[in-house]
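A, B, ... follow the sequence lines: proteins, then strands. Residue 1 opens every chain.
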Amino acid sequence: MPELPEVEVTRLSFAHHISGARILAVRLGKPLRWPLGEDPSILEGLRVIAVRRRGKYLLLDVSDGWLLLIHLGMSGRLVFAVDVPPPGPHDHFDLVTTLGTLRLHDPRRFGAAVLARGEESTMGVKLLGRLGMEPLGEGFGANDFQTALKRRHSPIKQVLLAGDVVVGVGNIYASEALFRAGIRPTTRASRISPARAERLRLSIREVLARAVASGGSTLRDFSSADGAAGHFQREAMVYGRTGEPCRHCGTPVRMLRQGQRSTFYCAVCQT
DNA sequence: CTATGGACCTGAATGC
DNA sequence: TGCATTCAGGTCCATA
């Protein structure tokens, strides 16, 4: 479900509500992708200081130097409310605080909640250490992007998804950014010219920023922590539009498989 | 080092 | 209606 825009929209929807809250309890459901890593009772009495994002991870800074990393995986969703119903079969993590409860609901359980001793801890480095540039930040520069692409011989779509060059671009926005840049998803990254790489860099920024502004994409069930659905899917140029006319040239949109994932593109507009 | 395929897990949609 | 197959927003890990 969640790529960078959905994670960022989720963050914005509850960060200011939970900041300053004192943690009362942690409730755990079924195991997620990784174990919490620490005894949850150590959080009791501590405060949530801030909520940041790195790639598709949410980072909750907790007093006493603790860091709570939350990943939504494919089907995860956060809810923050003063009162939440009793946990259902897919509610696997509750952070109960004086200001409300933050709940991770995740049917497929590819998501995770991990407690670490800061970003430089073993677990922090393991999960965050290989992440690429933040596409909406200052550090996502033309030179660095081009240099990184030169070293990669895989198709550009898969390089974008890998997340070690640039983070946050998932299956929807990879197809969308490549369409806007006019680049075939199968093009080897190393063979993209500097001019086209720059166009791609700007397309990535624009697509992600616009998606955040639209509240993300709600394909089946995404909603932010206050329950709001996104509507960027209405602006999708190619994703999920197999056989439908390209919004630029009218040619039917094509779908192909790359590394077990669907890719959508226009064979006329993307070369 | 890079590239590729399998693994994890559940529910919804599709096909016979 | 019932049952099997395919697909879904991610990414880690083992293997070439």
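Between the CG atom of A/Leu72 and the C1' atom of B/dC9 there is a distance of 16 Å, rounded to whole Å. One can place CD of A/Gln260 at 11 Å from P of C/dC7, the figure rounded to the nearest angstrom. Between the C1' atom of C/dT11 and the CG atom of A/Leu128 lies a distance of 13 Å, rounded to the nearest Å. Rounded to whole angstrom, the span from the NE2 atom of A/His92 across to the P atom of B/dT10 amounts to 8 Å. With rounding to whole Å, A/Met123 atom CE is found 11 Å from C/dC12 atom C1'. Distance, A/Asp106 CG to C/dA8 P: 18 Å, rounded to whole Å. Spacing between atom CG of A/Leu69 and atom P of C/dG10 amounts to 18 Å, rounded to whole angstrom units. For the pair A/Met255 CE and C/dT6 C1', the computed distance is 11 Å after rounding to whole Å.
Within the structure, a side-chain polar atom (N or O) of A/Ser262 is placed less than 4.0 Å from OP1 or OP2 of C/dA8. Dashed line: the shortest gap from a side-chain N or O of A/His90 to OP1 or OP2 of B/dT10 is not under 4.0 Å. Within the 4.0 Å cut-off from OP1 or OP2 of C/dG10, at least one side-chain nitrogen or oxygen of A/Arg261 is found. One finds no side-chain N or O of A/Lys126 lying less than 4.0 angstrom from the OP1 or OP2 phosphate oxygen of C/dT11. Dashed line: the shortest gap from a side-chain N or O of A/Lys56 to OP1 or OP2 of C/dG9 is not under 4.0 Å.
Looking only at side-chain heavy atoms (C-beta outward), A/Arg254 and A/Cys266 stay at 4.5 Å or farther from each other.
Residue A/Tyr57 is classed as a sugar-phosphate contact, given heavy-atom separations below 4.0 Å to backbone atoms only. At the heavy-atom level, A/Arg130 lies nowhere under 4.0 Å from the strands shown.
In this pair, A/Phe110 lays its aromatic ring flat on the base of C/dG10, centres within 5.5 Å and planes under 30 degrees apart.
Within a 6.0 Å sphere centred on CD of A/Glu235, other residues, nucleotides and ligands contribute more than 12 heavy atoms. Few gaps surround NE2 on A/His231; more than 12 heavy atoms of other groups in view lie less than 6.0 Å from it.
Residues A/Ala236 and A/Arg241 come closest through the heavy atom pair O-CD, 3.5 Å.
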Could you check A/Tyr265 against A/Phe179 for ring pair (Phe, Tyr, Trp, His ring centres under 6.0 Å), going step by step and ending with a plain yes or no? CA-CA 6 Å; A/Tyr265 71 105; A/Phe179 175 85; over 10 Å; no

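Side-chain contact annotation: A/Asp106 with A/His92, donor-acceptor N/O pair under 3.5 Å absent.
Residues forming a salt bridge (Lys or Arg N to Asp or Glu O under 4.0 Å) with A/Glu119 (at least two apart in sequence, or on another chain): A/Arg52.
Across all strands shown, C/dA14 pairs with B/dT4; the Watson-Crick or G-U wobble distances both stay below 3.5 Å. Under the Watson-Crick and G-U wobble criteria, each requiring two contacts below 3.5 Å, nucleotide C/dA8 is paired to B/dT10.
Comparing the same atom, C1', in B/dA3 and in C/dG9 gives a spacing of 24 Å after rounding to whole Å. Between B/dC9 and C/dC3, the distance separating the two P atoms is 24 Å to the nearest Å.
Between the side chain of A/Arg201 and the backbone N or O of A/Phe140, at least one donor-acceptor pair lies under 3.5 Å.
Between the side chain of A/Arg108 and the base of C/dA8 there is at least one donor-acceptor pair of N/O atoms closer than 3.5 Å. For B/dC9, the base has no donor-acceptor partner in the side chain of A/Arg109 [N/O atoms by modelled type, under 3.5 angstrom].
Against DNA chain B, the stretch residues 148-158 of chain A makes heavy-atom approaches under 4.0 Å through A/Arg152, A/His153, A/Ser154.
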